[in-house]
Q: 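Okay, handing you the structure first.
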Amino acid sequence: MFASLLRTTLGRLRIIGFLEGLSFLTLLGIAMPLKYLAGQPQAVRIVGMAHGLLFVLYVVLVIQASIEYSWPFRKALLAFFASVIPFGTFWADKNLFRNDARE
């Protein structure tokens, strides 16, 4: 299944969306508390860098998928907005991306 997801833009978006959401939750739930409660800022540097890279990839893939699949502006905007709220990319996968995957 994983290999079949890599073949399409939407599949790659779903994988990167999952990883981006996971990195965001890790940043907020583990790295930030380690920085401010345990005095270990290196956790934020490492997780933050990974999250930043995944965020950029997510945005590029949303743009690519919105062009390739002719998404309405509202759908693309929701996909972008989902990346800045916790659990948002998981919601986007379930409610926005899976519908196109079935077509």
Side-chain angles (χ1 to χ4, degrees):
M1 176 172 166
F2 184 75
S4 65
L5 285 175
L6 290 174
R7 291 187 189 126
T8 65
T9 300
L10 188 60
R12 289 187 296 274
L13 174 60
R14 291 182 65 201
I15 291 168
I16 294 299
F18 175 80
L19 294 173
E20 194 274 339
L22 191 62
S23 72
F24 191 31
L25 293 176
T26 303
L27 182 63
L28 295 176
I30 297 172
M32 296 293 281
L34 281 174
K35 178 179 180 178
Y36 292 108
L37 300 177
Q40 297 180 359
Q42 64 273 26
V44 170
R45 276 189 236 126
I46 294 166
V47 176
M49 187 178 299
H51 172 68
L53 175 65
L54 290 166
F55 176 79
V56 170
L57 287 172
Y58 179 84
V59 168
V60 168
L61 284 167
V62 166
I63 293 168
Q64 187 178 3
S66 67
I67 292 168
E68 187 175 320
Y69 294 97
S70 302
W71 287 351
F73 180 73
R74 182 178 182 272
K75 183 173 183 172
L77 193 62
L78 279 172
F80 285 122
F81 183 67
S83 69
V84 296
I85 58 172
F87 299 99
T89 56
F90 304 117
W91 175 89
D93 181 60
K94 183 177 184 225
N95 295 290
L96 300 176
F97 307 149
R98 286 189 189 178
N99 293 335
D100 284 342
R102 288 187 208 122
E103 294 173 359

Q: To the nearest 0.5 Å, tell me how far Lys35 NZ sits from Gln42 CD.
A: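 So the gap between those two atoms works out to 10.5 Å.
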
Q: Spell out, as yes or no, whether a donor-acceptor pair under 3.5 Å connects the side chain of Tyr58 to the backbone of Ala79.
A: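 Indeed, once roles are kept as given, a pair shorter than 3.5 Å links the two residues.
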
Q: If you link I, L, V, M, F, W and Y whenever their side-chain heavy atoms are under 4.5 Å apart, who else ends up in the same group as Val44?
A: Leu27, Met32, Tyr36, Val47

Q: Measure the spacing between CZ of Arg14 and CG of Leu96 and express it to the nearest 0.5 Å.
A: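 Taking CZ in Arg14 and CG in Leu96, the distance rounds to 11.5 Å.
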
Q: Once side chain to side chain contact (heavy atoms under 4.5 Å, CB included) is applied, do any residues pair with Pro33, and if so which ones, sequence neighbours excluded?
A: Leu37

Q: Ile63: what forms a side chain to side chain contact (heavy atoms under 4.5 Å, CB included) with it, not counting sequence neighbours?
A: Val59, Ile67, Phe80

Q: When rounded to the nearest 0.5 angstrom, what distance separates CD1 in Ile15 from CG in Leu61?
A: 10.0 Å

Q: For Ala43, what residues pass the side chain to side chain contact (heavy atoms under 4.5 Å, CB included) criterion, not counting sequence neighbours?
A: Ala31, Leu34

Q: Going by side-chain hydrogen bond (donor to acceptor under 3.5 Å, both in side chains), name the residues that satisfy it together with Glu68, two or more places apart in sequence or in a different chain.
A: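 Result, side-chain hydrogen bond (donor to acceptor under 3.5 Å, both in side chains) vs Glu68: Thr9.
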
Q: Rounded to the nearest 0.5 Å, what separation is found between the CG atom of Leu57 and the CD atom of Glu20?
A: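 With rounding to 0.5 Å, CG (Leu57) is 10.0 Å from CD (Glu20).
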
Q: The criterion is side-chain hydrogen bond (donor to acceptor under 3.5 Å, both in side chains); which residues satisfy it with Ser23, sequence neighbours excluded?
A: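 side-chain hydrogen bond (donor to acceptor under 3.5 Å, both in side chains) check on Ser23 returns His51.
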
Q: Can you get from Leu10 to Phe73 by hopping between Ile, Leu, Val, Met, Phe, Trp and Tyr side chains that sit under 4.5 Å apart?
A: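 Leu10 does not cluster with Phe73.
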
Q: Any chance you could measure Phe87, atom CZ, to Leu22, atom CG, to the nearest 0.5 Å?
A: 10.0 Å

Q: What residue pairs, at least two apart or across chains, pass side-chain hydrogen bond (donor to acceptor under 3.5 Å, both in side chains) with a residue in residues 77-92?
A: none

Q: Going by ring-ring contact (aromatic ring centres under 6.0 Å, His included), name the residues that satisfy it together with Phe90, two or more places apart in sequence or in a different chain.
A: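 Once residues adjacent in sequence are excluded, the partners of Phe90 under the ring-ring contact (aromatic ring centres under 6.0 Å, His included) criterion are Phe18.
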
